[in-house]
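Below is one structure; the comments refer to it alone.
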Amino acid sequence: MAERLPSPFAAGFRSRCPHCGEGHLFIGFLKPVSRCESCGADLSFAASTEGPAVFIILIVGFVIMGAAALVENLFHPSPFIHLLLWLPATVLLSLMLLRPLKATMIALQYQRMHHEDAAS
């Protein structure tokens with residue numbers, strides 16, 4: 001019988017081990033651990049890719065541009081007010097999404113590797 005792994009999205013958004021769903025996935029803000037502290041799963045495969053950054057650019061760009069267009073149409077603020085609103089919002093939203101999206105990508109990679117190993 002195949003081992004049941006936690007949802008990669010649940011484990012990713014909680015930044016937990018993709019194998020057991022319990023151990024912490026990161027040391028510090030973005031450095032992945034090499035082994036899970038709870039189950040001992042090998043997590044050294046975690047590649048540092050640009051995948052999460054691409055998704056963050058798309059998500060944050062959509063949200064910020066939509067909000068900026070809405071504010072412009074409703075209030076017509078000066079360009080300086082736009083800068084005061086949208087530069088910090090862009091940075092904060094990007095930082096808030098970076099860790100969960102990177103953890104989700106690692107969890108999806110782990111699940112794919114786990115299924116490929118089980119199939120062979």
Side-chain angles (χ1 to χ4, degrees):
M1 188 167 148
E3 185 178 5
R4 184 159 169 83
L5 298 174
S7 163
F9 299 102
F13 279 96
R14 290 177 50 227
S15 296
R16 299 294 181 189
C17 170
H19 182 78
C20 67
E22 297 299 322
H24 294 285
L25 187 59
F26 295 111
I27 299 172
F29 187 63
L30 284 177
K31 184 177 181 194
V33 297
S34 58
R35 286 208 169 278
C36 175
E37 63 191 20
S38 293
C39 67
D42 181 20
L43 302 172
S44 61
F45 69 90
S48 56
T49 63
E50 287 86 22
V54 171
F55 288 115
I56 289 170
I57 289 168
L58 293 173
I59 294 167
V60 172
F62 179 78
V63 170
I64 296 295
M65 289 306 296
L70 182 67
V71 167
E72 177 62 35
N73 284 330
L74 292 176
F75 304 109
H76 306 294
S78 71
F80 181 70
I81 298 299
H82 275 297
L83 285 174
L84 286 177
L85 288 173
W86 307 121
L87 284 179
T90 300
V91 171
L92 287 174
L93 190 56
S94 297
L95 289 174
M96 286 173 40
L97 290 174
L98 189 56
R99 187 175 166 125
L101 287 179
K102 182 171 181 170
T104 301
M105 183 164 281
I106 290 170
L108 287 167
Q109 287 175 338
Y110 183 83
Q111 193 170 52
R112 181 180 172 108
M113 287 173 38
H114 189 75
H115 285 298
E116 286 176 355
D117 288 344
S120 58

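Numbers here simply count residues along the sequence, with the first being 1. Hydrogens, waters and symmetry mates are skipped; everything else that's a heavy atom, side chains included, is used.
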Roughly how far, to the nearest 0.5 Å, is the CE atom of M96 from the CD1 atom of I56?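 The CD1 atom of I56 sits 11.0 Å away from the CE atom of M96.
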Partners of R16 by side chain to side chain donor-acceptor pair (under 3.5 Å), sequence neighbours excluded? H24
Taking side chain to side chain donor-acceptor pair (under 3.5 Å) as the test, write out the residues that go with R112, two or more places apart.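 R112: side chain to side chain donor-acceptor pair (under 3.5 Å) contacts with E116.
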Could you tell me if the side chain of [Y] sits less than 4.5 Å from the side chain of [X], heavy atoms only?
X: W86; Y: M65; value: no
X: P18; Y: P6; value: no
X: L58; Y: F62; value: no
X: C17; Y: S38; value: no
X: K31; Y: F26; value: no
X: L43; Y: Y110; value: yes

Could you pull out all residues at least two apart from L108 that satisfy side-chain contact (heavy atoms from CB on, under 4.5 Å)?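 For L108 the side-chain contact (heavy atoms from CB on, under 4.5 Å) partners, ignoring immediate neighbours, are P8, F9, T104.
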From the list T90, L97, L93, side chain to side chain contact (heavy atoms under 4.5 Å, CB included) with V63 holds only for L93
Can you give me the closest heavy-atom contact between V71 and L85, atom names plus distance?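 Looks like CG1-CD1, 4.3 Å.
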Heavy atoms of C39 and H19 approach each other most closely as SG-CD2, 3.6 Å
